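Note that the coordinates shown come from a computational prediction; the quantities given were computed from them, not determined experimentally.
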Amino acid sequence: MVSELTQAADTAVFDVGGEEVSCHMDDAFSKLRRKYSVSNTFLKEFSFDSLKLFGGKGGNLMAFTANKRFLVKELSDGDHGSLLTHARAIVGHMTDGPTLIVPMFLHFTRPKNGRPYLVMLNCLPTHRGIIWHKRYDLKGNRDDKLMEEDGEDIPEVHKRCFAVHKCWYGCDVIPLCNTPARKRYYQGKVEAFTTTFNMSEQHAKSIVGAVKADTDLFRGLGLMDYSMICGIIKQGQSDPVPPAEGLYQFVLNYDGATYIYYLGIIDFLQEWTSTKVIAAALKAPLAPKPLSTVPPPKYADQFYSAMEHKFKAENAASSRVVIASAHRRPHNERACVTLADCLGGPMLVELKGLGGPACYRRAINGVSREPSLAAAECDALSHLSSMMVPANDGRCAPPGGAPLAAQPGDTEDGAAAAHGAGVLASSPPLGGGVEGIPIV
């Protein structure tokens with residue numbers, strides 16, 4: 001029987017909220033749906049009535065699905081045309097190499113109003129009770145902003161360079177001209193532009209490498225004005241880490257706490273148009289530097305340089321270990337449990353070419369609570385575990401090495417089992433693989 005996902009790849013019609021819509025280039029977008037195990041019925045319960053205006057300059061309608069997992073966004077005519085032109089190149093890049101671009105699953109036109117829409121993954125987790133320590137929108141220029149801090153939203157209070165009558169510069173430097181809301185927003189912008197993030201060496205290398213690949217793509221396609229969403233959860237080292245569930249998640253211990261980073265590059269469809277050329281000329285004399293409206297090659301250079309500076313390797317930061325897994329049932333669960341029980345010691349694990357989004361960390365003292373490793377991952381992990389040798393105390397260790405003892409912050413349902421470390425996951429893995437590092 002042809003699978004549901006295969007059928008989705010072959011059809012030009014999709015059910016969105018009970019309406020049949022016309023899809024664009026679904027042979028490309030279906031590849032990402034298959035990669036992320038997204039069914040062709042994932043928008044069946046969506047309601048177009050939920051679309052509304054959100055903050056931002058675009059002025060287009062958007063809405064999350066009921067489970068907050070997907071974002072449905074109305075496209076401007078310019079973005080629609082850009083996506084028609086560049087979709088295959090972007091999707092090919094996302095399926096073949098390292099990337100932080102937020103996955104796109106459907107591009108369609110609604111017959112009722114003739115408007116185009118794009119459906120993307122929500123790049124931030126949607127679990128109840130999440131309090132964001134920080135949530136940024138980063139462009140690598142003076143349009144950077146802090147959107148949320150310790151659970152408090154920071155409203156945008158703009159002073160545009162062309163709005164001279166609103167005291168654009170004075171309201172940020174003259175105390176009597178400044179409102180509390182503008183002052184808070186401005187301080188958040190300064191923080192977003194200047195802040196750096198302490199990462200493990202492996203995380204910094206993965207993030208910066210993906211940004212380099214993405215900006216090279218956008219440069220070649222003539223795209224600009226994109227930004228990186230960066231959400232940070234701060235919690236105790238003994239607290240359980242939320243499952244990655246297909247998001248770009250990076251987990252590390254630093255300064256006595258665990259920091260969970262969620263990243264995603266969005267708004268990458270803007271081409272360098274005559275309107276942008278005029279805007280750049282108007283902003284150049286007045287707007288603070290570096291400018292946000294610059295040609296694609298310069299924008300790519302600015303963005304990459306800024307992210308390379310922000311995501312720094314810090315010796316005091318260590319990657320917190322999380323068992324990497326996927327949504328499919330393994331055919332050899334025991335071997336995978338053996339690895340979770342035994343993996344440890346001073347070894348760096350790099351397993352390349354393993355597909356499927358990583359999700360749940362499930363290894364508690366060598367007992368798997370859920371079958372959660374994909375068959376391909378299980379094969380590779382089983383092969384690795386076969387190279388481990390038993391230690392005198394019944395645990396396992398690399399040949400010639402000693403087993404790793406439980407680390408501070410390990411709990412029964414924590415990131416590492418008491419009998420050894422697990423495998424660090426960025427999901428889906430950057431570069432199509434799974435990377436693992438013991439806690440240090």
Side-chain angles (χ1 to χ4, degrees), residues 36 38 42 46 50 52 54-56 62-73 100 102-103 119-138 144-156 184-185 188 191-192 195 197-200 203 207 227-267 310-311 317 319-325 327 357-362 370 372 409 411-415 424-428:
Y36 286 82
V38 175
F42 77 115
F46 177 75
S50 63
K52 62 180 181 179
F54 278 73
M62 61 184 69
F64 290 102
T65 54
N67 61 5
K68 307 296 184 184
R69 183 109 173 101
F70 307 100
L71 176 67
V72 181
K73 179 180 180 180
L100 288 174
V102 175
V119 185
M120 308 180 73
L121 184 69
N122 182 358
C123 64
L124 299 177
T126 58
H127 311 294
R128 290 184 178 180
I130 289 179
I131 297 177
W132 292 106
H133 173 55
K134 305 276 188 179
R135 190 162 54 88
Y136 296 99
D137 187 338
L138 304 173
D144 288 355
K145 57 179 172 283
L146 175 64
M147 299 185 291
E148 185 175 348
E149 183 173 31
D150 294 328
E152 180 182 351
D153 287 331
I154 300 175
E156 297 184 23
R184 180 69 186 95
Y185 178 63
E191 176 187 327
T195 192
F197 308 109
N198 295 321
M199 311 297 292
S200 70
H203 280 343
I207 293 168
S227 62
M228 180 185 289
I229 298 298
C230 175
I232 307 171
I233 298 173
K234 180 182 179 182
Q235 62 182 41
Q237 291 190 6
S238 62
D239 295 334
V241 175
E245 294 183 337
L247 305 179
Y248 301 121
Q249 180 196 71
F250 301 86
V251 185
L252 66 147
N253 292 333
Y254 180 77
D255 198 22
T258 289
Y259 292 84
I260 309 169
Y261 287 77
Y262 295 92
L263 306 177
I265 295 177
I266 63 169
D267 295 341
K310 286 182 178 299
F311 292 94
S319 302
R320 179 160 165 178
V321 176
V322 180
I323 298 298
S325 57
H327 297 284
C359 60
Y360 303 107
R361 33 169 189 72
R362 297 294 185 193
E370 290 183 9
S372 56
T411 64
E412 222 182 41
D413 194 28
L424 174 69
S426 298
S427 176

With Asn67, which residues qualify under side-chain hydrogen bond (donor to acceptor under 3.5 Å, both in side chains), at least two apart?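 Asn67 satisfies side-chain hydrogen bond (donor to acceptor under 3.5 Å, both in side chains) with Thr65 only.
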Could you work out, with side-chain hydrogen bond (donor to acceptor under 3.5 Å, both in side chains) as the rule, every residue matching Tyr254, not counting sequence neighbours?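 Checked Tyr254 against side-chain hydrogen bond (donor to acceptor under 3.5 Å, both in side chains); matches are Asn198.
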Quick one, Lys134 and Thr195 - any side-chain contact, counting heavy atoms below 4.5 Å?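 Side chain of Lys134 against side chain of Thr195, heavy atoms only: no contact under 4.5 Å found.
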From [X] [atom1] over to [Y] [atom2], what is the distance, rounded to the nearest 0.5 angstrom?
| X | Y | atom1 | atom2 | value |
| --- | --- | --- | --- | --- |
| Ile229 | Tyr262 | CD1 | OH | 15.0 Å |
| Ile266 | Asp137 | CD1 | CG | 5.5 Å |
| Gln237 | Leu252 | CD | CG | 9.5 Å |
| Tyr261 | Phe311 | OH | CZ | 7.5 Å |
| Asp239 | Thr258 | CG | OG1 | 7.5 Å |
| Ile207 | Met199 | CD1 | CE | 3.5 Å |

Please tabulate, one pair per line, all N/O donor-acceptor pairs under 3.5 Å involving side-chain atoms of residues 119-128, not counting sequence neighbours.
from: Asn122; atom 1: OD1; to: Leu124; atom 2: N; distance (Å): 3.1
from: Asn122; atom 1: ND2; to: Lys68; atom 2: O; distance (Å): 2.9

In chain order, what residues pass the side-chain contact (heavy atoms from CB on, under 4.5 Å) check against [X], with sequence neighbours excluded?
| X | answer |
| --- | --- |
| Ile154 | Leu146, Glu149, Arg184, Tyr185 |
| Ala257 | Lys234, Tyr259 |
| Asp150 | His133 |

Looking at [X] and [Y], what are the two nearest heavy atoms and their distance?
| X | Y | value |
| --- | --- | --- |
| Tyr248 | Gly264 | CD1-CA, 4.5 Å |
| Gln249 | Ala244 | OE1-CB, 3.6 Å |
| Ala192 | Leu138 | O-CD2, 3.7 Å |

Atom CD1 of Ile131: over 12 foreign heavy atoms under 6.0 Å: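 Not buried by this count: 12 neighbours or fewer within 6.0 Å.
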Under 3.5 Å, side chain of Lys145 to main-chain N/O of Gly188, donor-acceptor pair present?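 Judged by distance alone, no pair lies under 3.5 Å.
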Considering residues at least two apart in sequence or located in another chain, which fulfil the salt bridge (Lys or Arg N to Asp or Glu O under 4.0 Å) criterion with Lys73?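 Residues passing salt bridge (Lys or Arg N to Asp or Glu O under 4.0 Å) with Lys73: Asp267.
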Please list, chain by chain and in numerical order, all residues satisfying salt bridge (Lys or Arg N to Asp or Glu O under 4.0 Å) with Glu148, sequence neighbours excluded.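 Partners of Glu148 under the salt bridge (Lys or Arg N to Asp or Glu O under 4.0 Å) test: Arg135.
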Could you go step by step and tell me if Tyr136 and Ile232 meet the side-chain contact (heavy atoms from CB on, under 4.5 Å) rule? CA-CA 9 Å; Tyr136 296 99; Ile232 307 171; 4.1 Å; yes
Centroid-to-centroid, Phe250 to Phe197, below 6.0 Å?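 They do not qualify: ring centres at least 6.0 Å apart.
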